[in-house]
Protein chains: 2
Amino acid sequence: MEDKKEQVEIDKKDLDEETLFVVSQTFKALGDPTRIRILNLLFHKEFSVNRIAETLHLRQSTVSHQLRFLKNLRLVKYRREGTTLYYSHDDEHVMNMLKQTIEHACHN
Amino acid sequence: MEDKKEQVEIDKKDLDEETLFVVSQTFKALGDPTRIRILNLLFHKEFSVNRIAETLHLRQSTVSHQLRFLKNLRLVKYRREGTTLYYSHDDEHVMNMLKQTIEHACHN
DNA sequence: ATAAAATATGAACATATACTAATATATACA
DNA sequence: TGTATATATTAGTATATGTTCATATTTTAT
């Protein structure tokens with residue numbers, strides 16, 4: 001914390017704190033099975049919270065918590081229709097990484 | 001667990017357990033600042049455990065633990081020279097994702 | 001205003017994770 | 001064999017994380 005500047009300027013081999021935080025948060029988002037399943041579901045179309053829960057056999061509150069996590073990182077967005085919120089993905093880069101890695105993992 | 005087959009065959013919207021595990025493990029590996037720093041260091045050349053620890057200001061045992069983690073996932077490999085082990089990266093796909101995401105995070 | 005439907009939130013809990021100190025192991029060499 | 005060097009491992013601890021239950025909030029319709 002005190003030597004952040006030092007590391008950035010002197011030690012080019014290391015990453016600065018902010019980059020480190022953003023990058024690790026991004027990957028952390030993809031590091032949980034539930035979030036992967038949710039994002040994978042949102043790959044082709046939008047889903048309401050309840051539909052996600054039903055489809056993946058998860059509790060509504062679990063889905064809601066994870067969607068909040070993903071939304072904080074701007075990996076998903078939503079639109080409202082009455083009382084229903086339709087979530088969809090909102091980061092092409094991350095979705096591409098996820099897709100690639102899933103394919104990479106499948107035919108191995 | 002009991003309905004794994006069902007999900008795989010009936011509900012194409014969900015991923016199978018094994019894929020889910022591999023994918024989440026992979027991203028989990030990249031979801032920790034220390035491991036990111038280590039992999040980032042190994043981007044261009046190999047490093048011994050102690051050199052990694054010195055360069056990143058980490059304890060030897062911390063580095064060793066994380067290297068074991070990364071090696072279990074085959075993200076790094078090593079060669080021995082006397083008592084020294086030189087570690088290097090071992091997964092181009094993952095290193096590319098890391099690089100892209102770091103760049104993506106930097107100039108934002 | 002009240003009720004219903006959909007979603008969000010807070011607290012509690014269990015588990016996972018990362019770091020550390022201490023110690024063990026492995027290799028090289030005198 | 002004994003010592004030094006480099007790395008790995010173990011156990012303990014603190015923190016982070018994910019899920020759940022219960023409840024709150026928001027929106028719509030009556």
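Because the structure is a prediction, the values reported are computed rather than measured. Here is the naming used below: chain letters follow the sequence lines, and residue numbers restart at 1 for every chain.
Contact check for A/Phe47 versus A/Ile38: no side-chain heavy atoms found under the 4.5 Å cut-off.
Side chain of A/Arg37 to backbone of B/Leu20: no donor-acceptor contact under 3.5 angstrom is found. Of the possible polar contacts, none joining the B/Ser64 side chain to the B/Gln60 backbone as a donor-acceptor pair under 3.5 Å is found. A donor-acceptor contact shorter than 3.5 Å links the side chain of A/Asn40 to the backbone of B/Lys13.
Atom pair B/Asp32:CG and D/dT15:P shows a separation of 16 Å (rounding to whole Å applied). The OH atom of B/Tyr78 sits 17 Å away from the P atom of D/dA6 (whole-angstrom rounding). Residue A/Phe27 contributes atom CZ, which lies 19 Å from atom C1' of C/dT17 at whole-angstrom precision. The nearest whole Å value for the distance from the CG atom in A/Leu67 to the P atom in D/dT19 is 12 Å. The distance between atom NZ of B/Lys71 and atom C1' of D/dT7, rounded to the nearest whole Å, is 13 Å. In this structure, the OH atom of B/Tyr86 is 8 Å from the P atom of D/dT7, given to the nearest Å. Remark: P of C/dA6 and CZ of A/Arg79 are 15 Å apart, rounded to the nearest angstrom. Atom CZ of B/Arg59 is separated from atom C1' of D/dT9 by 17 Å (rounded to the nearest Å).
Atom CZ of A/Phe69 sits in a crowded spot, with more than 12 heavy atoms from other residues, nucleotides or ligands closer than 6.0 Å. With a 6.0 Å radius and a threshold of 12 heavy atoms from other residues, nucleotides or ligands, A/Phe21 has its CZ atom at or below the threshold.
Of the residues near DNA chain D, A/Arg35 and A/Arg80, the one whose nearest nucleotide (by heavy atom distance) lies more toward the 5' end is A/Arg35.
Contacts between residues 42-51 of chain B and DNA chain D, counted as heavy-atom distances below 4.0 Å, involve B/Ser48, B/Val49, B/Asn50.
Residues that satisfy the side chain to side chain donor-acceptor pair (under 3.5 Å) test with B/Arg79, not counting sequence neighbours, are B/Glu46, B/Glu81.
The side chain of A/Thr83 lies closest to C/dA6 when the candidates are C/dA6, D/dA8, D/dG18. Of the candidates D/dT17, C/dA6, C/dA28, D/dT17 carries the atom nearest the A/Lys28 side chain, counting heavy atoms from C-beta on.
Taking only side-chain nitrogens and oxygens, A/Thr34 comes nearer than 4.0 Å to OP1 or OP2 of D/dT19. Contact check, A/Gln66 against D/dT19: a side-chain N or O comes under 4.0 Å of OP1 or OP2.
No cation-pi contact links A/Arg80 to A/Tyr86, judged by a cut-off of 6.0 Å to the six-membered ring centre and 45° from its axis.
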For nucleotides 9-15 of chain C, give me one character per nucleotide, 5' to 3': B if any protein heavy atom sits under 4.0 Å from the base, S if the only such contacts are to the sugar-phosphate, - if neither. BB-----
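Among the protein residues, A/Tyr87 comes within range of the sugar-phosphate backbone only, with heavy atoms under 4.0 Å from sugar or phosphate atoms but none that close to a base.
For the pair B/Ile36 and B/Leu30, the tightest heavy-atom approach, listed with the atom from each and the gap, is CD1-O, 3.1 Å.
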